[in-house]
Number of protein chains: 2
Amino acid sequence: MTDRTENQQAARRSDATRATILAAARERFATDGYEKATIRAIARDARIDPSMVMRYYGNKAGLFAAAVAIGPDLPGLAVEPREEIGRAMARHFLALWEENEELTALMRVGVTEPHAAERMQSVLREQLIPLARRIGPDPDQAQARAALCASAVLGLALTRYVLRFPASVALRPEEIVDWLGPTLQRYLTAPTP
Amino acid sequence: MTDRTENQQAARRSDATRATILAAARERFATDGYEKATIRAIARDARIDPSMVMRYYGNKAGLFAAAVAIGPDLPGLAVEPREEIGRAMARHFLALWEENEELTALMRVGVTEPHAAERMQSVLREQLIPLARRIGPDPDQAQARAALCASAVLGLALTRYVLRFPASVALRPEEIVDWLGPTLQRYLTAPTP
DNA sequence: GGCGTTGGCCAACGCTTGTTGGCAAACGTA
DNA sequence: TACGTTTGCCAACAAGCGTTGGCCAACGCC
């Protein structure tokens, strides 16, 4: 180690290569899933030797962890007016998914890798359920309401970004917000049916 | 071949083994996905030699095809009263998923295997879209409305049967019908928002 | 300019996978 | 009882996987 402050990584000569590997890994994981996204294939995409991947990320699990390191946050959703929260949430998730392919990767991998599934669940547990508790009519129903919201959002992500059903891919973003927004709104705030 | 009619398979001494293999395969595919469900593991579950699987089902793809051979049908949904179709659909899908683990298998595998994804899509294409065309207010919107229904149903299946989020597993069946039914009803019949 | 450090490649390892072919026992029929 | 067929197991194969260690060249500091 050379001299540098504690919280700051030294700029390494290999940073460009590291980034290339990470980008290739994200793409492969997102399109192929965990098993089919082999280190060799990722290395080939990055025009690098497979052993470099090991040197920089330890092992395949470490590479995946680094590739999907971001955590989707529900930011100031709490400040939205209560009757607009459904649409705001739909818009937010849509934007998130359209621009971050690591979410597609996380989803495709989570279906077979419990560790990735747990990462997805943590979003539900730590963000969606508390939100439902704050905003919903009955705190005891927060779990159920949050679970329904998760299923609505992830269902759309599944058909649109993972399975790529043409009918789902063809939906325009505004169209999605117009339909999904009221669903989320109802799941969060409507009285028990 | 011994003498028998054309459309009827002869009863073979190995039918029990074949069934055992198929059951083990369904379970493994449903819980592990395509890659992690190895022929060796399936054979071990069925207490049989791996080579038997090959002899009876040709190869791994053939085994999977045989294991998920059922096609989910939307039966007399058309005869339901128009304002009850959402709840009927929710009930129908729920029952289907609770008792057929091949649907879970198809879903978990479809995420990584295009062939299985196409099988899922065919249900949307050949059953859900025609239904939406018949029942919806505007035939031109049938694709979009059917895609939204698929995302709602598959989203619940994803969180409940595949990812097994505790909050989703905890939902009681009647609760699901009460919440999901109106969503499907709206996706199918409500005027464009 | 010399020398430790870093970046990169090559070759190989141990292991698991799907898949194959041959051999032995059990069976059904005549 | 004799014989062809079916059922099952064993051993092995080639290929692909994640992973390792050693070697060489390029770099950066003194």
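In the text below, chain A, chain B and the rest are named by the order of the sequence lines, each starting its count at 1.
Atoms CG (A:Asn59) and P (D:dT19) sit 5 Å apart, rounded to a whole Å. A:Arg55 places its CZ atom 11 Å from the C1' atom of D:dT20, with the value rounded to the nearest Å. Rounded to whole angstrom, the span from the CG atom of B:Asp49 across to the P atom of C:dT19 amounts to 14 Å. Counting to the nearest Å, the C1' atom of C:dG18 and the CG atom of B:Leu63 are 12 Å from each other. At whole-Å resolution of the value, CZ in B:Arg12 and C1' in C:dA26 are 18 Å apart. For A:Met54 and C:dC13, the CE to P distance is 18 Å, given to the nearest whole Å. Spacing between atom OH of B:Tyr56 and atom C1' of C:dT19 amounts to 17 Å, rounded to whole angstrom units.
At a threshold of 4.0 angstrom between heavy atoms, the contacts of A:Tyr57 with the nucleic acid are absent. The residue B:Ser51 sits close to a base: some heavy atom pair falls under 4.0 Å.
For A:Lys36 and B:Tyr34, the positive end is not near the middle of the six-membered ring at less than 6.0 Å and at most 45° from its axis. Annotation: cation-pi geometry not satisfied between B:Arg145 and B:Tyr187 (NZ/CZ under 6.0 angstrom from ring centroid, within 45° of ring axis).
Less than 4.0 Å separates DNA chain C from at least one heavy atom of each of the following residues of residues 27-48 of chain A: A:Arg40, A:Ile48.
With distances taken from any side-chain atom of A:Lys60 to the nucleotides D:dT7, D:dG18, C:dG7, the minimum falls on D:dG18. When distances run from any side-chain atom of B:Arg13 to the nucleotides C:dC27, C:dG7, D:dG8, the shortest one goes to C:dC27.
For A:Thr17, a side-chain nitrogen or oxygen approaches OP1 or OP2 of C:dG8 to under 4.0 Å. Proximity of B:Ser14 to the phosphate of D:dT6: no side-chain N or O atom is located under 4.0 Å from OP1 or OP2.
In this structure, A:Glu102 pairs ionically with A:Arg26, as a charged nitrogen and a carboxylate oxygen lie closer than 4.0 Å.
Applying the side-chain contact (heavy atoms from CB on, under 4.5 Å) test to B:Ala95 and every residue at least two apart in sequence or in another chain returns nothing.
The shortest distance between side-chain heavy atoms of B:Leu188 and B:Met89 falls below 4.5 Å. A:Phe93 is not listed as a side-chain neighbour of A:Leu180, based on a closest heavy-atom distance of 4.5 Å or more.
Residue order along DNA chain C, read from the 5' end via each residue's closest nucleotide, puts A:Met52 first among A:Met52 and B:Pro50.
No more than 12 heavy atoms of other residues, nucleotides or ligands lie within 6.0 Å of CD in A:Glu27, so this atom counts as exposed by the packing criterion.
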